[in-house]
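Below is one structure, written out as structure tokens, with a few remarks after it.
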Amino acid sequence: MNLDQLEGKFKENKGKLKQKYAEHISDDDLQYSEGKFEEMLGKLQAKTGKTKEELEKEINNF
């Protein structure tokens, strides 16, 4: 699974959460979680010194 697929899965699950908990969760809540996902990728890049492409290759090997 590459980073694009991982992000797609995240968005798919975000949509499912939005459908199930529409009364309790806002778009702001979901944008916050998406931002956290991007933050995690950025931290991985900063801590490992690897490029997005290098991390993508590693994720593909999982």
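Numbers here simply count residues along the sequence, with the first being 1. Just so it is clear, the values below take in all heavy atoms, side chains as well, and ignore hydrogens, waters and symmetry mates.
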Subject >> Atom pair CD (Q45) and CD (E54), whose distance is rounded to the nearest 0.5 Å >> reply: 9.5 Å
Original post:
Quick check: does any side chain N or O of Q19 sit under 3.5 Å from a backbone N or O of K16, one acting as donor and the other as acceptor?
Top reply: no
Original post:
Does K36 pair with E39 as a salt bridge, N-O distance under 4.0 Å?
Top reply: yes
Subject >> Nearest heavy-atom neighbours spanning D29 and H24 >> reply: OD2-O, 4.2 Å
